[in-house]
Amino acid sequence: MRIRSKLILLIGAILLLTAAVNILLSYRMRKKEIAVTSQGLREMVFRNFVVTTREAYRRKDPALLDAIFPSQWAPKIAYAYLADADGLFFFHTDPRFRGKRLEEWSKPPETVELREPVPVDVRGGGTVGLGFTGLGEKTTLKKVKRELLTPILIAALVSALLGAATAIVLATLFTRPLSSLARASEEIAKGNFKTQVSVEGRDELGELARVFNSMAVRLAQLDELKDNFLAQITHDLRNPLGAIIGYIELLRAGEGNLPGPKQTKYLRIVFESAHYLNDLVENILTLTTLEAGRIKLAPQWVDLGHSVGSVSELLRAKALEFGVAVENKVQEGATVWADEQALRRVLVNLVSNAMKFTPQGGTVSVEYSRDGDSEDRIAVRDTGVGIPADKLDQLFKKFSQIAETQNVARPSHGTGLGLVICKQFVEAHKGRIWVESEFGRGTTVSFTLPCDRKALARSISQP
């Protein structure tokens, strides 16, 4: 959930909770007021009733009390009685109890009874009681609840609107700089070290933006220094390597005075080492150029079968040396939208890598399929030594080597950059590349190329 949404929910909840607490307190205060008012009314009615009972008892006329029951009392009276000094009911609103003793009477449930002794004759004594029903208070409280329901709903709506408005304002103030930093960080992660963010204010967020910009500038300087160093070192290495390889080839071809077999062996080792170093230099130079975005692709429709055939021809000598068959399983007429030189570089890397880890008598095949109208899939499949499942994630890391596969099929050397370069070329075409393997059973490296010519052309032209 984004920060803005969290702020909206949090502030809305706080405002809604505040409104609910205020309404609850108001209800409790109203409830207390109703209880106090009801108690006061009951006391007043009871005092008036006591005066009336005395007069009725003095006259020995219960009819005086009958005359006032039933009547419109507020609060409502459930019953009333008067017992004389002997504990006999002189009056009771329930005729069944008149003449009976006070001990036989029990208060009905859900009533509030006020009772007190009163002097009714010269002997003193006597008891007067008045019972009030609680329904009046309950009815009043229900009415109060209904009256408060509307404010509750209004408060909830207002709180939600205020919460949303407040959160939007706060989110704009606080999350906009953070969003800008997040986007800039993504650009830095992509290698765009010239990214800068706008600095607003002198608070912590402004200071963070200034530190971020300084970091980006420093990273750009370091990246430029790295590129310059790699470009310079590879350039300086290529010239002497070219001379070494050239002269060794002349010696091996018989020009000059060639020494004996031992020296010939040494020359072969020097020759192979120079070629390995030359491949390393070429790969570093290619990778540096790719990462710097200096290689411009020129996509066009490429005859995939012809490209695979030319790669097989290029690697025929090495395939014969290894005793590995290279099969072109691409159907005739299959075309892909790609930069021809980049595609050829990917195929050479993948096929030569598969040959290196396939034992004598094994097979390396290049296959092709089209996934609907969205992309072309090219797979290089071998029957080689395979790769452990827990090591697959290391394949596209620079200078990565899998110890379990080294020198199994034959002595092998590599720079650990071939698959990284393939990944860079494929992703530059807006495609994807992945590896499937079973240790001891072989490996398949697959990559895709978008087959929508117009869409791909637009995507590649974007910076």
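All values below were derived from every heavy atom in this structure, side-chain atoms included, with hydrogens, water molecules and symmetry-related copies excluded.
Applying the salt bridge (Lys or Arg N to Asp or Glu O under 4.0 Å) criterion to Glu332, with sequence neighbours excluded, gives no partner residue. Taking Lys107 as the reference, nothing meets the salt bridge (Lys or Arg N to Asp or Glu O under 4.0 Å) condition, with sequence neighbours excluded. Not a single side-chain hydrogen bond (donor to acceptor under 3.5 Å, both in side chains) links Gln341 to another residue, sequence neighbours left out. With sequence neighbours excluded, the residues that form a side-chain hydrogen bond (donor to acceptor under 3.5 Å, both in side chains) with Arg345 are Asn283, Thr286. For the side chain to side chain contact (heavy atoms under 4.5 Å, CB included) test, residues two or more places apart in sequence or in another chain that qualify with Val348 are Val311, Leu314, Arg344. Under the salt bridge (Lys or Arg N to Asp or Glu O under 4.0 Å) criterion, Asp94 pairs with Arg96, sequence neighbours left out. Partners of Asp376 by salt bridge (Lys or Arg N to Asp or Glu O under 4.0 Å), not counting sequence neighbours, listed by chain and number: Arg370. When the side-chain hydrogen bond (donor to acceptor under 3.5 Å, both in side chains) test is applied to Gln424, no partner is found at least two apart in sequence or on another chain.
We find the CG-SG distance between Leu395 and Cys422 to be 11.5 Å, quoted to the nearest 0.5 Å. Summarising the geometry, atom CG belonging to Leu343 is positioned 10.5 Å from atom CD belonging to Gln300; distances are rounded to the nearest 0.5 Å. One finds the CG atom of Leu392 at 14.0 Å from the CH2 atom of Trp434 (value rounded to the nearest 0.5 Å). Between atom OG1 of residue Thr358 and atom CG of residue Asp382 there is a gap of 4.0 Å, rounded to the nearest 0.5 Å. Taking CG of Leu350 as the start and CD1 of Ile421 as the end, the distance is 11.0 Å to the nearest 0.5 Å. Annotation: the span from Arg115 atom CZ to Trp105 atom CH2 amounts to 9.5 Å, rounded to 0.5 Å.
Smallest separation of non-hydrogen atoms from Val302 and Ser307: CG1-OG, 3.3 Å. Residues Gly384 and Pro359 share a closest heavy-atom pair of CA-CD, 3.8 Å. Nearest heavy-atom pair across Leu315 and Ser352 is CD1-N, 3.9 Å. Across every non-hydrogen atom of Thr111 and Ala78, the tightest pair is CG2-CB, 4.1 Å.
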Indicate every side-chain donor-acceptor pair of residues 436-451 with a distance under 3.5 Å to a residue at least two apart or in another chain.
unit_1: Ser437; atom_1: OG; unit_2: Ile387; atom_2: N; d: 2.8
unit_1: Ser437; atom_1: OG; unit_2: Gly442; atom_2: O; d: 3.1
unit_1: Ser437; atom_1: OG; unit_2: Thr443; atom_2: OG1; d: 2.8
unit_1: Thr444; atom_1: OG1; unit_2: Arg381; atom_2: NH1; d: 3.0
unit_1: Ser446; atom_1: OG; unit_2: Arg377; atom_2: NH2; d: 3.3
unit_1: Thr448; atom_1: OG1; unit_2: Arg432; atom_2: N; d: 3.2

Tell me which donor-acceptor pairs under 3.5 Å the side chains of residues 320-331 have, and how far apart each pair is, sequence neighbours excluded?
unit_1: Asn328; atom_1: OD1; unit_2: Val330; atom_2: N; d: 3.1
unit_1: Asn328; atom_1: ND2; unit_2: Gly305; atom_2: O; d: 3.2

Kindly indicate, with the supporting measurements, whether the criterion side chain to side chain contact (heavy atoms under 4.5 Å, CB included) is fulfilled by Val308 and Tyr368. CA-CA 11 Å; Val308 174; Tyr368 164 82; over 6 Å; no
Between Phe425 and Asn349, does the side chain to side chain contact (heavy atoms under 4.5 Å, CB included) criterion hold? Intermediate values first, please. CA-CA 11 Å; Phe425 273 126; Asn349 280 353; over 6 Å; no
Do Ile378 and Leu347 pass the side chain to side chain contact (heavy atoms under 4.5 Å, CB included) test, and can you show the C-alpha distance, the side-chain angles, and the key distance before you say yes or no? CA-CA 9 Å; Ile378 302 166; Leu347 291 172; 4.3 Å; yes
Full working for side chain to side chain contact (heavy atoms under 4.5 Å, CB included) between Glu113 and Tyr79: CA-CA 9 Å; Glu113 181 178 291; Tyr79 58 87; 2.3 Å; yes
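Among pairs with a residue in residues 383-393, those fulfilling salt bridge (Lys or Arg N to Asp or Glu O under 4.0 Å) read Lys391-Glu404, at least two apart in sequence or across chains.
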